[in-house]
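Since this is a predicted model, take the numbers as computed values, not measurements. Keep in mind that the numbers below use all heavy atoms, side chains included, and drop hydrogens, waters and symmetry copies. When a ligand or atom number is given, it counts from 1 through the structure's own listing order.
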Amino acid sequence: MHEDTSFAIHPGKVQQTNASSFRDIGNLITHKKNESTYYFQCDNCEVAMSFYTESIVRIVMNHESKPRLQDSKAVIATPKTVSLTEHATSEQLSFKTSKLEVYVNKQPFRITINDQNGNVLLHEGDRGMAFNEKGEVISYKAMCETDHFYGFGEKSGFLDKRGEKYEMWNSDVYAPHNPETDPLYESIPYFMTLREGRAHGVFFDNTFRTVFDMKSEEDGYAFSAEGGQLDYYVLGGPDPKSVLEQYTYITGRMPLPPKWSLGYHQSRYSYESEAEVRELAQNFVEREIPVDVIHLDIHYMNGYRVFTFDKEKFPNPEKMIADLRDMGIRIVPIVDPGVKRDPEYSIYQEGIRQDQFCKYIEGDVYFGDVWPGESGFPDFTDEKVRKWWADKHTFYTDIGIEGIWNDMNEPAVFNETKTMDVEVIHQNDGNPKTHRELHNVYGLLMGQSTYDGMKEQLHGKRPFLLTRAGYAGIQRYASVWTGDNRSFWEHLAMSLPMCMNLGLSGVAFTGPDVGGFAHDTSAELLVRWTQVGAFTPYFRNHSAMGTLYQEPWQFGEKNEAIIKKYINMRYEWMPQLYSLFYQASVKGLPVMRPLLMEFPEDVKTYNLHDQFMIGDNVIIAPILAPCITNRAVYLPAGEWVDIVTEKVYEGNHTHLVHAALDQLPIFVKKGTAIVRGNTLSSNADKTPKRMNMDIYASLKDEIYRFTFYDDDGETFAYENGTFIKLDIEIASTPDAIKVTVVDQNGKFVPTYEQINVRILGLHENQRVIINGEVSREEPVILLK
Ligand code: GLC
């Protein structure tokens, strides 16, 4: 009460702290090895340790029972027997792989983890692992002066999280997101530490409410949970990319998304009728603005009952979907978890009769208020329920729907706590647990159910899923948008570090509501935001009821032309983006990256939040404030070319660049290349007819390697070799640019037969050599 007034800082409200109540786990008594796991019996608990690769070690402390090693919702990897050297003295034990050294101090039990060269990654000092009577667990680690922290999933604020304290508890936050708004919708209890150019990571696999504190102490940080085990994985790095590869080795990688889901999405809360949707689609086609998806928000349903259509407003959804499909547009409807309490509604009837809803221990169904009013919530922790819910999606797939938007899946409930009663019990496949323990995985498991169901029903076509809530591993099922932002310039700016940290948390496919959801957007904000959106991995314009409409044409012809230019640009860049999504699917690397990922030695990049990279060679430096047409851009080592003016900029410098309203500063590193398609000629057929590779010639001796990847963009045929993958090397010297296809794989036959090579900034002394042959006028790479 009164939290919105100055009463919140009443002098009588000083918070009581209870910091000293933790109990140390004590000394090591004995230890033994069982299969690939080591068990350490300590005074007050047992600790288990296992290796997942030479670079990944897992530590589990349980003060209530034996360490449980099996029941993770996030982890898909299993421990491996790695080659280890063990050594023991009276004071300590050591375990060394080719990449990591783990030291266990016996009295008291403390763990230190080094890399193979003896550089300390994690160190426990006076305090190590501890627990208290309430069942809370905590791990204290030493913090170096040069430590910088990233990841933590979906957090507002700047890029570097040193000095912050974060909580993980999936929450529906409609109030304006500001730098201290925490927690938000996603919980990814994971971070990466960057220390003097070297990186390592920690994934704390605990689904209770967890806290990461890099703020309270100067020389230490801690992660803790309200209950459960202290169960964490240490990822040895040594650089940001390998940390991401290791984290996604543990929690999984995103499947290749359908190409259409990488296009432009138009949404609104809500387009309320078939007529409105058809008119919207027609507008895009007539104005020649490409669009791949129109979203249906909650008004498409009959009284917000999921798996229904409002038959008055949407009399023939199947026909509408088919007609739009002919225009090159897909429909993605929203599906929330809450099922309306209505004894005449078949989904509710089934839910009750088949026992699919979350219940109290005494057997009463839990009801919470959401859009449809009082609702039951499927218990996605149970395989039976996931299957039931999955199968229900034939309602959508039977009429041609290939994508679903999951919202309110924290789960959000309209009450003081914003969610389900934490005392509710989840069946959890025969291992019942309270909502307090499983709250943070509700969205993940709903995602799993939806994705798996759609995949089965689409018979070989790739489903698309968008989600608001999630936990570590959500990338296996869904793309994540950052929830209810506002049409504020500050929110445009904030979306950059937010998406970059999501990318560093394994979620490559992410983006904010372009234009802003709540509040009225303005022409200038929409233009600048669309410029950014064209390069964020997920690209959807969405706005709330009661706000100004913000479709591309709502602010006059001049602004429409600019917005159209950038949506078109998205499609021209699709081959480049798709090749990067391929990287995300095989290595877990984000598409949108902070500069520190490519330049981890460069301290100037450590908190650089207002510019970002696409892949390893493109820097985007958008305008993030009104009325501004110049901005400072930091360009790291190398030479960089502005792709519009072709002006060359020296790296390791900050430059002032000009960007009129229709300009977005984009820089490509010299010596590298980007691949782009032609401008679309029709919304209905978005396959590129030409494939172009622009090489930004360098006069220095340097080598750049990259992978161009393509396939049908729609099916899983790539799993059986129907793709095209070219590993390309560009060797620059003062007298030549040599382009060599080092390897070509796959049997996909694209619509283009060659890649047209354009060399920008070629010096008169430089020859162009393609696959070993000197090239004449128009160089091309012929596909085999
Ligand atoms: C939530 C979502 C928003 C959606 C609205 C209505 O606020 O975050 O995107 O439009 O619900 O479904």
Side-chain angles (χ1 to χ4, degrees), residues 154 156 170-177 181 183-186 265-273 276-277 280 293-310 313-314 331-340 368-373 375 377 396 403-415 418-419 442-443 446-447 450 464-470 474 478-488 491 494-495 498-499 502 510-521 529 533 536 538-551:
E154 184 184 55
S156 52
N170 290 355
S171 303
D172 170 19
V173 185
Y174 179 72
H177 304 169
T181 309
L184 289 169
Y185 316 88
E186 295 266 324
H265 296 229
Q266 184 65 55
S267 187
R268 170 86 183 171
Y269 170 31
S270 300
Y271 297 121
E272 291 194 22
S273 68
E276 196 181 353
V277 171
L280 179 75
V293 183
I294 291 175
H295 287 247
L296 297 184
D297 208 325
I298 53 175
H299 287 93
Y300 79 85
M301 295 177 264
N302 170 18
Y304 313 121
R305 288 168 184 82
V306 285
F307 307 104
T308 68
F309 273 94
D310 178 327
K313 290 179 177 160
F314 290 86
I331 288 287
V332 169
I334 196 167
V335 177
D336 294 348
V339 174
K340 186 175 176 66
D369 258 357
V370 267
W371 306 122
S375 301
F377 293 82
Y396 298 108
I404 293 288
W405 167 19
N406 280 169
D407 186 26
M408 305 290 277
N409 51 350
E410 293 73 26
V413 180
F414 302 147
N415 64 24
K418 297 191 187 136
T419 193
Y442 191 84
M446 180 180 187
T450 308
F464 164 69
L465 178 62
L466 176 66
T467 185
R468 195 169 72 173
I474 188 64
S479 142
V480 170
W481 102 102
T482 56
D484 295 346
N485 64 2
R486 301 207 166 196
S487 301
F488 298 160
H491 281 199
M494 189 174 70
S495 71
M498 209 167 179
C499 290
L502 268 164
T510 180
D513 281 343
V514 168
F517 176 66
H519 198 72
D520 291 329
T521 201
W529 209 324
T536 45
Y538 182 56
F539 185 19
R540 180 180 75 155
N541 172 321
H542 181 48
S543 56
M545 220 166 47
T547 65
L548 282 185
Y549 278 79
Q550 58 186 39
E551 292 73 19

Practice task
Can you tell me which residues line ligand 1 if we count any heavy atom under 4.0 angstrom from one of its atoms, in chain and number order?
Solution key: Y269, D297, I298, I334, W371, W405, D407, R468, W481, D484, F517, H542
Exercise for the section: Using the side-chain contact (heavy atoms from CB on, under 4.5 Å) rule, take D297 and H542 through it: C-alpha gap first, then chi angles, then the decisive distance, then the call. Expected result: CA-CA 10 Å; D297 208 325; H542 181 48; 3.4 Å; yes
Practice task
Please work out whether the ring planes of W371 and Y269 are parallel, tilted or perpendicular, with thresholds of 30° and 60°.
Solution key: tilted
Practice task
Assess the side chains of S267 and H295: does a donor N or O sit below 3.5 Å from an acceptor N or O?
Solution key: no
Handout entry: Parallel, tilted or perpendicular: rings of Y396 and F307 (30°, 60°)
Key = tilted
Problem - Geometric class of the F309/Y300 ring pair [parallel <30°, tilted 30-60°, perpendicular >60°] - result: tilted
Handout entry: Any donor-acceptor N or O pair under 3.5 Å, side chains H177, H491
Key = no
